[in-house]
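Take a look at the structure below.
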Amino acid sequence: MPCRSEADASGGRPLRDLLMPSIQRGSILIALLAICLILSLMTPNFLTVANLINVARQISLNGILAVGVTFVLLTGGVDLSLGSLVALTGVVAATFAHPGDYPVVVPIAMGILAGTACGFVNGTVVTWGKVAPFIATLGMMTIARGLALLVSGGRPVSNMSPELTRLGGELAGLPIPVLILLVVTLAAGFFLANTRMGRHVYAVGGNERAARSAGISVPRVKLFVYTLCGALAGLAGVVLAARITTGQPNAGLGYELDAIAAVVIGGTSLSGGVGGVGGTLLGALLIGVINNGLDLLNVSSYYQQIVKGMIIVGAVWLDQKTKA
Amino acid sequence: MPCRSEADASGGRPLRDLLMPSIQRGSILIALLAICLILSLMTPNFLTVANLINVARQISLNGILAVGVTFVLLTGGVDLSLGSLVALTGVVAATFAHPGDYPVVVPIAMGILAGTACGFVNGTVVTWGKVAPFIATLGMMTIARGLALLVSGGRPVSNMSPELTRLGGELAGLPIPVLILLVVTLAAGFFLANTRMGRHVYAVGGNERAARSAGISVPRVKLFVYTLCGALAGLAGVVLAARITTGQPNAGLGYELDAIAAVVIGGTSLSGGVGGVGGTLLGALLIGVINNGLDLLNVSSYYQQIVKGMIIVGAVWLDQKTKA
Amino acid sequence: NRADSEGSRGTESESGQPVIGVSLLNLSSEFIVMIDRSMREAAEELGVRLVINDAQRSAARQIQQAESFVAQGVDAIILNPCEVEASSPAVDRGLAAGIPVVNVNSETRSRPTAFVGSRDEESGRLAMEYIAERLGGEGGVVMIQGYMGQAAQIKREAGAREVLDQQPGLRLLADQTAEWDRAQAMSLMENWLQSHGDEIEAVFAQNDEMAMGALLAIERSGWKGQIVVVGVDAIADGLQAVQAGRLDATVFQDAAGQGRTAVETAVRILRGEPVEEEVFIPFRLVTQENVAQFLP
Amino acid sequence: MTSEISESAAPVLEARHISKAFAGVQALSDVSLTLQAGEVHALMGENGAGKSTLVKVLAGVHRADAGRIVRNGQPVTIGSPHEALQEGIAMIHQELMPIPDLTVAENVLLGQEPAHRLFGWIDRRRLHERAERLLARLDARIGLQRKMRELSVAQMQTVEIARALGRDARIVIMDEPTAAISDREVDSLCEVIRRLKARGVAIVYITHKMDEVYRVADRISVLRDGIHVGTYPAARLDRQRLISLMVGREWAAHAPPVLPSAARGDVALAVHGLGRDGVFQDIDFQVRRGEVLGLAGLMGAGRTEVVSALFGLQPADRGEIRVHGTRVGIRCPDQAIRLGIGMVTEDRTGWGLVPSMSVRHNVTLAALKKYCRGPLIRHRVEAGVAEERLRALAIKTSGARQAVNQLSGGNQQKVVIARTLLAEPSIVILDEPTRGIDVGAKTEIYGLIARLAQQGKAILLVSSEMPELLSLSDRVLVMREGRITAELDPRQTSQEEVLKYAMPV
Ligand SMILES: Nc1ncnc2c1ncn2[C@@H]1O[C@H](COP(=O)(O)OP(=O)(O)OP(=O)(O)O)[C@@H](O)[C@H]1O
Ligand SMILES: Nc1ncnc2c1ncn2[C@@H]1O[C@H](COP(=O)(O)OP(=O)(O)OP(=O)(O)O)[C@@H](O)[C@H]1O
Ligand SMILES: [Mg+2]
Ligand SMILES: [Mg+2]
């Protein structure tokens, strides 16, 4: 992979980094704006407040997952278990969310806890077991899916208390999942730029051996990122369950690839050390806008896949060209 | 990723490398043998000629794909488009395989050609477009799936001439797909160990800048591996179509992950430069034996996933432990 | 061939019970889970042992499982086919080894020993006919497809289109896949409400999961009551929604009946008793009026 | 500026008015260079002067923004290393470029493996013969079948020299080929260079070792801040003047400084019976506070391995380590750092720097905790400290936010040193600390080492530059094949005596 020359992603002023993306992320922003422009010319339905809120809501899940994966990719790892974790944690949350059973924090906490636990296992297997992240998280992908099916008996866990489903609703005109995504992204951006652990995440991904010889506990950093990624998957699982009002054991298929795609489109390198959550948000937006636009334009489903693939590759290609 | 210290995959004597796996791959072999032993104790049906042939047949597709992916991973890339390519090439082959239309070589050639072309596009986007392999091949994954649906009109292409379906049958008591897998693996092993291009594949994955400054044309090497990988996906697509007697536009879902898993279990590093097809074959066998064994033992579907994930992670972990 | 001949000695399990190999479409689909349960119950009663494998929607896997059954030497095979064409070799493998094969739920091109199930086109037809009736043959319809290329998607679409062709007043505004997934259907519906909002008068989703997703999108955006939503499968959630008057209709397919009858048929074949070659279990439309009889 | 030599024969290669800018830095402005057949043309300049950039332009790694390259009188474009090789230009890079998992033989002949036309089937016999011959020319004994990743830095460097020699190029560019190898290998290399010259090969030679320059160079070109200061016949440019040209001001003559010995304190680090299978055995020594202990040896003697074990990079199998009298087990650098041990690693790209990170973040990486309030980094304080360090060590950057992999080699080395010292270790391990560092900066680093000793730190110094080692150390241990063979007093000993103990018998 060509290494990106500009590498100030871990810079000092996070707010600027997040809100006014630096040159590194500049051109994917350009691609995004170009697509938005084209879409608003092609269909009057695109550039409406209702639809933009719509897009925001639709990317919120992928966005939350992608923020977690950003951490993992920054250390040079990968997490394939997200989709299954979303299913598992959704099922777990739904199990505790029958009306009148427990207060609403319980299902939320249980879902996030389940995700955290699975993430912790991923991290442990990667660090102490020295198993390649691809295999460790692929294993978790299968295991968590099996657990989700087992817990739910293979059927959706429904009859969810309206308090929990409200999480999929709105607050002050903004969808709650979108608010969650914003909070998560800002917090993650701040964390990466301003904490020691954040810095260490970049160091481990940039050169693991050098990080080690600078006295950084590489296992601790890795354990942290996988656990965090699991926790965010848990959060996403709870939000999804709230949104679709059930815990679906077969939900989340392929979410891991979408999340990784958002991160990579956003300029985070798969080999680690370079990137950040600001770009990830843009990447998730790009994917979301494409999906939304193609639906609005009523592109037939075969062509939709072809066009979608081409636009994504094209956007990243443009990004490369304008950078070089 | 923990860096593997012993790395004899690129040794000088390919036959020995392939048939008597070196220490690096020794322990995954041990894990494999252990699992086989346990299975033959647990069920009388495992260690029968019929069942072993069965297992061989079942891994043949994944094996062929995994050999192709081995090349790509060795250069430090990745190919996510395989599953879709299998579907597309199967559909293409089936379209040319109606009885009495063309001689049987035509559908075979067309399928492989389609795969080769898509692989070539992958390679071009990665090399000239400088798009990260993850994104380039993810795009192709979507595009090829769309094309498969488009070409087939969204429905299976049936009415296949028996000459082609015979490819899914047997020759001298051995399933033809298995024979193909063996030939492909041996040829790939020889190629990697003994040709300049083969060594350059390792060089590019081991240190791309060094390869470049040694005058190796890195783009050519990459173009080659993606094209080869596409061609093998085409071959696999034709074999699958022959086996299921149709071109199925929705075939091959998730094959890419299975193939990559086999390669990584077999000791090829995702970051490139280390590994080989001998290990890949073992990796594919391990997955195949687990799938077969769990089916034979009648482990219920949900537990099966859990157990499968655990065994795979466990085997790789064991591999690591015994190596260290 | 060798693999086959070796397996054809119908070895019985330790207890002397006959063994039936079952390859199911996908055990993470609620409908198939219901078939699975009824088969287990029937097997218990009839004293046969089931070896149940999950093909996870892959016909190639299904063929492998049939081959494994042959190698194990099961006495009969029950196949819940993933695909019409691609699952046919699974039937062929069993029959070639002299093992009776019963297809359940949907058909394959190859003729099995017996078939228990229904024709999926019918479900699409029933759903779309209901929509036509509700709209008085006039209005905009959208269709949410299952995973493209899969047998159920193709057939349900075909059935629905048959009705659309007969009803010139019904306009298909858009159709798009949501891959059987509730969350995807929800997003898709949200998008459609943006682009076609006031034109959409009915939604046909090819399964209840997607229908529930569309329903949630419609409810959340306040279009409730103006759009007819119909699904297929009559899963528990769907039935409850029909009862509550949220979902307008679904199409019931008797999973329990299919599973039970399939096992019974297989057992009768093994005992040498005569069986019907094809047992069609019809689909039934479920609306608020008759939902009570389908609720557990 | 003056160009005093007669341009008699047509040059084999000319660089005309080359300019090259990187984001924010003008690395070269209007630099011209001519190269005659059979000459050794030394390229001199301070760290970051633009030497590597210039030769990378010639070797097709970088494209110049302006200017032309003329080969045998014909203008050529060199767009890639491949094209450079086809023009007969081979290069040894300053940064090591091993392919870790290929064998030594394959690395030597990378990109030019002897092969049949058909399929490019490699002829292994010829491959090994040729690799053997090339390594033999350098007097190196490295197993041809060994994996490159198992080699020490010096061995890798040797392999890369052999790789360039194997090209049969008419022009060989050597960018600090001797930075990581010891005197014996340097001798072999000089011999090889002499033979190449005799065959009419032109050589561009970059080094910071003054002795070497005068040993091999025919002409010397000096770069300063990307500007070509001048080209002179080596014979007519004395050391003094050369250094003045490089630094751009008058430079006082400097012998390696004789430093006042610091007062010795207690034993800071004591090692007893340290060993790791197949690498080193029975290592015993002590370092006192305020003492500089030198570790001498030839390449592959095991010095790096010993100090890596002390720092926990690759823990020892047996033996005992005492830090300030307490027995400790060091399994990872984290522990070592907490015990007050700091280390400048030999391999700056492999174990030293995080290439994608900025200079500032690299400098503070090991000591970050000091600039934090709780988990939060105090960016101002951090920036201030980093800037101060950059100034103190005269690290040339376009700003502390520049990515460290964009620095010149010597400046990268200084960043590693700055980082280690920022953590204020009480025991400092320096493995080839002046590798690739220019003369001026070297003097400053020598001063720094003396100051550290005076502050009461215990210093363990590994260096393959014998004069440096002998002048800086209070005591010198000599290692050979993983064992300590002698302890010498640098004031009483000579390079010859050290060599006697270091040479394998
Ligand atoms: N890829 C790059 N991006 C940005 N700046 C660069 C890059 N490569 C080199 N530079 C800058 O160009 C200048 C010249 O660097 P160069 O490597 O040519 O120095 P040098 O003379 O070889 O020094 P040294 O003796 O330390 O090796 C330096 O200021 C360096 O920071
Ligand atoms: N990772 C490794 N695996 C196996 N052998 C190694 C490894 N690293 C070094 N060696 C070997 O250990 C021996 C000692 O090497 P070391 O680098 O310690 O030598 P040194 O005295 O520091 O000399 P140099 O000047 O070459 O650095 C060498 O023979 C080297 O080939
Ligand atoms: Mg340099
Ligand atoms: Mg050393």
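In the text below, chain A, chain B and the rest are named by the order of the sequence lines, each starting its count at 1.
Side-chain contact between Leu138(B) and Leu257(A): present, with at least one pair of heavy atoms (C-beta onward) separated by less than 4.5 Å. Side-chain contact check for Ile143(A) versus Gln305(B): every heavy-atom pair is 4.5 Å or farther apart.
One distance of note links CG of Asp319(A) with NZ of Lys130(B); it measures 13.0 Å at 0.5 Å rounding.
Applying side-chain contact (heavy atoms from CB on, under 4.5 Å) to Ile135(B) and the options Ile260(A), Leu270(A), Ile312(A) leaves one that passes, Ile312(A).
Every residue two or more places apart in sequence or in another chain that forms a ring pair (Phe, Tyr, Trp, His ring centres under 6.0 Å) with Phe224(B) is listed here: Phe191(B).
For chain A, no part of Ile311(B) is nearby; none of its heavy atoms comes within less than 4.5 Å. For Val313(B), the parts sitting under 4.5 Å from any heavy atom of chain A are the backbone and the side chain alike. Heavy atoms closer than 4.5 Å to chain A are found in the backbone of Ala136(B), but not in its side chain.
The shortest non-hydrogen separation linking Phe134(B) to Val264(A) is CD2-CG2, 4.3 Å.
Near-neighbour residues of residues 144-156 of chain A relative to chain B, defined by a heavy atom under 4.5 Å from a heavy atom of that chain, comprise Arg145(A), Gly146(A), Leu147(A), Leu149(A), Leu150(A), Gly153(A), Gly154(A).
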